[in-house]
Amino acid sequence: QVQLVESGGGLVQAGDSLRLSCAVSGLAFSSYVMGWFRQAPGKEREFVAAVNMRGSLMHYADPVKGRFTISRDDAKITVYLQMNNLKPEDTAVYYCAASRFGRIVLNQDSYHYWGQGTQVTVSS
């Protein structure tokens, strides 16, 4: 059974940092592109960041470039999202996802497994 379990969300103030973690089990982690998406209230889920299978290439959505960093640890079977200089507009439920495509993909329909999400709330 495949499981992706996010953690690390919470309530912070603007300018603070958070690190999200996504613990993965039940799949060949090193064979999957890993991504983070988010969904704000009343909005559609959107791409945030992705990392390739080797952890050597990353791609970020424009609103988070320079502030967020995605990384993966194959030994711990975990993917991370380091979020710095958080803004109120970063408030959303953040989801971890895994894709079998051999390259970074941005379309959520290209991701095969999803976590349940973790809430991030940034106050001004």
Side-chain angles (χ1 to χ4, degrees):
Q1 180 181 359
V2 176
Q3 286 191 312
L4 284 69
V5 180
E6 301 97 335
S7 61
L11 172 63
V12 297
Q13 293 186 331
D16 286 350
S17 298
L18 278 176
R19 187 176 81 156
L20 305 183
S21 299
C22 174
V24 179
S25 61
L27 56 74
F29 183 69
S30 62
S31 298
Y32 283 76
V33 168
M34 298 301 300
W36 286 95
F37 291 75
R38 67 185 182 186
Q39 186 168 20
K43 295 186 178 181
E44 293 187 353
R45 190 160 57 185
E46 63 178 6
F47 171 81
V48 175
V51 59
N52 69 348
M53 293 180 290
R54 291 192 293 177
S56 58
L57 292 174
M58 288 73 76
H59 187 86
Y60 299 94
D62 285 343
V64 308
K65 279 181 181 177
R67 299 188 298 121
F68 290 12
T69 302
I70 187 171
S71 61
R72 63 190 297 159
D73 187 331
D74 284 7
K76 295 183 178 180
I77 321 178
T78 300
V79 61
Y80 302 98
L81 186 68
Q82 176 68 42
M83 305 186 295
N84 298 329
N85 189 23
L86 282 160
K87 303 176 180 181
E89 52 264 41
D90 294 319
T91 295
V93 177
Y94 283 73
Y95 298 91
C96 170
S99 172
R100 288 196 296 266
F101 281 96
R103 55 180 174 81
I104 288 179
V105 287
L106 311 187
N107 186 337
Q108 59 182 311
D109 292 337
S110 298
Y111 286 78
H112 302 90
Y113 300 104
W114 292 83
Q116 82 290 348
T118 185
Q119 177 70 48
V120 172
T121 303
V122 184
S123 63
S124 58

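These numbers come from the heavy atoms of this one structure, side chains and all, not from hydrogens, waters or symmetry mates.
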Open item on the list: Given C22, which partner from the list V79, I77, T118, V5 fulfils the side-chain contact (heavy atoms from CB on, under 4.5 Å) test?
Closed with: V79
Euclidean distance, [Y] [atom2] relative to [X] [atom1], rounded to 0.5 Å:
{"X": "L4", "Y": "Y32", "atom1": "CG", "atom2": "OH", "answer": "10.0 Å"}
{"X": "R38", "Y": "D90", "atom1": "CZ", "atom2": "CG", "answer": "5.0 Å"}
{"X": "W114", "Y": "Q108", "atom1": "CH2", "atom2": "CD", "answer": "5.0 Å"}
{"X": "T78", "Y": "E6", "atom1": "OG1", "atom2": "CD", "answer": "11.5 Å"}
{"X": "M34", "Y": "R72", "atom1": "CE", "atom2": "CZ", "answer": "6.5 Å"}
{"X": "I70", "Y": "C96", "atom1": "CD1", "atom2": "SG", "answer": "8.0 Å"}

Indicate, with yes or no, if [Y] and [X] share a hydrophobic cluster defined by side-chain heavy-atom contacts under 4.5 Å among Ile, Leu, Val, Met, Phe, Trp and Tyr.
{"X": "L57", "Y": "Y60", "answer": "no"}
{"X": "W36", "Y": "Y113", "answer": "yes"}
{"X": "F101", "Y": "L106", "answer": "yes"}
{"X": "V51", "Y": "V105", "answer": "no"}
{"X": "V64", "Y": "M58", "answer": "yes"}

Write down the atom of [X], the atom of [Y], and the distance for their closest heavy-atom approach.
{"X": "G9", "Y": "L20", "result": "N-CD2, 3.6 Å"}
{"X": "A98", "Y": "L27", "result": "CB-CD2, 4.2 Å"}
{"X": "S30", "Y": "D74", "result": "CB-OD2, 3.5 Å"}
{"X": "L81", "Y": "A49", "result": "CD1-CB, 4.2 Å"}
{"X": "M83", "Y": "L86", "result": "CB-CD2, 3.8 Å"}
{"X": "S124", "Y": "A14", "result": "CA-CB, 4.4 Å"}

Open item on the list: Between S99 and H112, is there a side-chain heavy-atom distance shorter than 4.5 Å?
Closed with: yes
Task: Y80 side chain reached by T69 side chain, heavy atoms, under 4.5 Å - done: no
Open item on the list: Between T91 and V122 (side chain of the first, backbone of the second, donor and acceptor by atom type, cut-off under 3.5 Å), is there such a pair?
Closed with: yes
- [ ] For F47, check ring-ring contact (aromatic ring centres under 6.0 Å, His included) against everything at least two apart and list the hits.
- [x] F37, H59
TODO: Describe, in one word, how the ring planes of F68 and Y94 are oriented to each other, choosing from parallel (under 30°), tilted (30 to 60°) and perpendicular (over 60°).
DONE: tilted
Open item on the list: Test of understanding: with salt bridge (Lys or Arg N to Asp or Glu O under 4.0 Å), list the residues that count as partners of D62, not counting sequence neighbours.
Closed with: K65
